[in-house]
Amino acid sequence: MSPPKPEPRPTPETQTFWDGCANGELRLQHCGACDRYYFPPRPFCTRCLSDEVEWRPVSGRGVLHTYLINHRAAPGFEEEAPYAIAVVELEEGPRMMSNIVGIENTPENLVLDMPLEVTFEERGSVMLPLFRPAAPTGVRA
Amino acid sequence: MSPASVKGAVAIVGAAETTELGVIPNLSEIQLHADAARNAMADCGVGVADIDGVACAANPVGVAHYLGITPTYIDGTSVGGCSFMLHVRHAAAALASGMCEMVLVTHGQSGRSRVGAGGRGGDGASLQGQFEAPYGPTGPPTMFPIGVLRYMKEFGLTHEQLASVAVVQRQWAMGNPRAMMRDPITVDDVLSSRVIAYPIHLLECCLVTDGGGALVLTTAERARDMDLARPPVYVVGTGESSETPMVSQMEDFTTSRAFRVSGAKAFAEAGITAADVDHLMIYDAFAHLPIYGLEDLGFVGRGEAGPFIEEGNTAPGGKLPLNTNGGGLSYTHTGMYGMFAIQESVRQLRGVAPAQVEGVELSVAHGVGGMFAASGTLVLTNRKP
Ligand SMILES: [Zn+2]
């Protein structure tokens, strides 16, 4: 049996993010004063230090900003290697690291700025946000 | 009050690496610190009683005790491979303000043999543990180059140009008997080496070695009174900065904010521009770093560094000698390489480098910490201030 994949351990400041994921919902914090979203989670705005921030569900849509393809499998990733470690730029602005699923991870398939949408995978006690190629507009997946 | 500056007030008087370099299974990390420290002290003829300041990225208290030093200045700044640039910068400020009289900066790392080496555990509750580690990175080779494809798309950098970084640095290493890798390589060799993390190949990744280095710094005034075998190297400009410990949260994947801020600070203090620099060291953990460094320090314009290196401008005989020891790619890389970049700048300014460049009077040593997380820059000269 291969060792488990690394598992995130939520903290008080990030719990709401992971609660959202458990409900199949990607959530980001939004600062009212700056009218902007930010990531990773913190209980204050990273630009103006305001505490007047709220959690909002976001679209889960984004684009492939940059990536590399890891040929040295991490524990638990042996079956998937080589696999992309990507940075996704969300429609709302923030960027997050993720993996790309639902498509073979080759340089030919993974074109920068291609549209992606969030999906979730069970990882220990949390649901982990991953991304897959977005269904073409107007077509139901 | 005008801004404080340590420009020219402080000098590196002693500089040395560990006696052996590369694979050293018979020495623990603390002994690598000590071996380098004793070599650096011998280099400038000082003893333990002369040292009243200690700096290292591991445990300066441990190093002081191991060597029998009673410090009145301790710096344990540990921000990755550029920590030593920061140690020199902090030591310069401490010496110039009279906090201490002579500072020993040490580095020792059993990166390859792992003798007496610290652990490298992850914490699932850290921000990296929650928002990066779950996606399967396996160390810096599979994280640090994550912006390269974005850089390629923005500026048209080719795989061949990226590979040429490794080829040119091997040319420098061929002139350096202490370099670990000395056989000539071609762009084809680089591109046909194993893919570690596309688009990065094995020969575009740094080595993993054992070794260390140490520096002795004092005031320029005291340096003039010392009976030195080799002339002092003066610290005329310094900078440091940081951006993010999470590479996925860089503001722009084609440029390092920490590089730009640290470099500009050091150049401004020294009162120089890139055109004044005779010799340059840019920490090369991976082949894309010299490309980012050349642009972020202002040696070339945005998007120009790939062609600049490919055309041979940084190679032996080129107009801007870069990473003349062979760099982390071909010389040595213990895990925190910044100390070795400073050592090569000092050697070039002393005129004793294995691949010596003619007439070096102004050298810049620029370091990275973590994965574009932090940066430190030193402007050094052999001209008396
Ligand atoms: Zn705000």
Side-chain angles (χ1 to χ4, degrees), chain A residues 4-15 17-18 21 38-42 46 64-78 80-89 94-100 105-107 110-113 121 123-131, chain B residues 121-157 159 162 193-202 204-205 208 243-255 286-288 371-372:
Chain A
K5 291 178 174 178
E7 186 183 329
R9 287 198 293 121
T11 60
E13 299 80 16
T14 63
Q15 187 64 51
F17 177 88
W18 295 110
C21 293
Y38 63 89
F39 179 86
R42 269 153 287 190
T46 55
L64 178 58
H65 186 68
T66 194
Y67 70 94
L68 50 72
I69 300 177
N70 185 7
H71 287 245
R72 308 197 313 175
F77 282 81
E78 294 81 0
E80 288 148 63
Y83 54 92
I85 298 172
V87 175
V88 178
E89 184 167 287
R95 297 187 190 128
M96 60 187 297
M97 187 170 276
S98 198
N99 296 131
I100 309 299
N105 284 190
T106 63
L110 300 177
V111 179
L112 293 198
D113 300 314
E121 178 188 274
R123 178 73 60 87
S125 57
V126 307
M127 295 297 285
L128 187 71
L130 306 178
F131 286 81
Chain B
D123 174 6
S126 69
L127 289 175
Q128 294 95 319
Q130 291 183 71
F131 300 111
E132 292 189 333
Y135 300 108
T138 41
T142 66
M143 293 271 272
F144 208 161
I146 199 163
V148 172
L149 288 181
R150 174 51 58 176
Y151 182 100
M152 286 177 158
K153 173 160 180 171
E154 301 280 335
F155 296 112
L157 177 77
H159 293 276
L162 187 61
S193 67
R194 187 157 51 88
V195 176
I196 300 296
Y198 176 84
I200 295 290
H201 304 79
L202 180 66
E204 291 161 331
C205 298
V208 180
E243 182 176 348
T244 168
M246 301 173 73
V247 70
S248 64
Q249 298 303 316
M250 285 179 73
E251 287 176 3
D252 181 340
F253 285 87
T254 68
T255 173
F286 298 94
H288 64 303
M371 295 176 276
F372 291 125

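All chains are named by letter (A, B, ...) in the order of the sequence lines, taking the proteins before the strands, and each is independently numbered beginning at 1.
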Point to revise | Side-chain (B:Q130) to main-chain (B:A125) donor-acceptor, under 3.5 angstrom | key: yes
**Study point:** A:N99 side chain to A:I85 backbone, donor-acceptor under 3.5 Å
**Key:** no
By a 4.5 Å heavy-atom criterion (distance strictly below it), what part of [X] contacts chain A: side chain, backbone, both, or neither?
| X | answer |
| --- | --- |
| B:M152 | neither |
| B:Q249 | side chain |
| B:E251 | backbone |
| B:L127 | side chain |

Review point. Who among A:R123, A:H65, A:R95, A:M96 has the most heavy-atom pairs with chain B under 4.5 Å?
Key: A:H65
Review point. Does any donor atom in the side chain of B:E154 or B:T254 lie under 3.5 Å from an acceptor atom in the other side chain?
Key: no
Exercise for review: Using only heavy-atom distances, determine whether the side chains of A:Y83 and A:N70 contain a donor-acceptor pair under 3.5 Å.
Suggested key: yes
Study note, to complete from the structure: Tightest non-hydrogen contact, residues B:P199 and B:H159, listed as CB-CE1, 3.6 Å
Review point. Minimum heavy-atom separation for A:L68 to B:M143, with atom names?
Key: CD2-N, 3.9 Å
Point to revise | Salt bridge A:K5-A:E78, side-chain N to carboxylate O under 4.0 Å | key: no
Practice item. State plainly whether the residues B:D252 and B:R150 are in salt-bridge range, i.e. N to O under 4.0 Å. Key: no
Exercise for review: Indicate yes or no: at least one non-hydrogen side-chain atom of B:R194 is less than 4.5 angstrom from one of B:I196.
Suggested key: yes
Heavy-atom pairs under 4.5 Å with chain A: which of [options] has the most?
| options | result |
| --- | --- |
| B:A133, B:G147, B:A197, B:P134 | B:P134 |
| B:G129, B:G136, B:S248 | B:G136 |
| B:F253, B:Y151, B:Y198 | B:Y198 |

Go through the atoms of [X] and report whether side chain, backbone, both or neither lie under 4.5 Å from a heavy atom of chain B.
| X | answer |
| --- | --- |
| A:L64 | backbone |
| A:Y67 | both |
| A:P129 | both |
| A:A81 | neither |
| A:F39 | both |

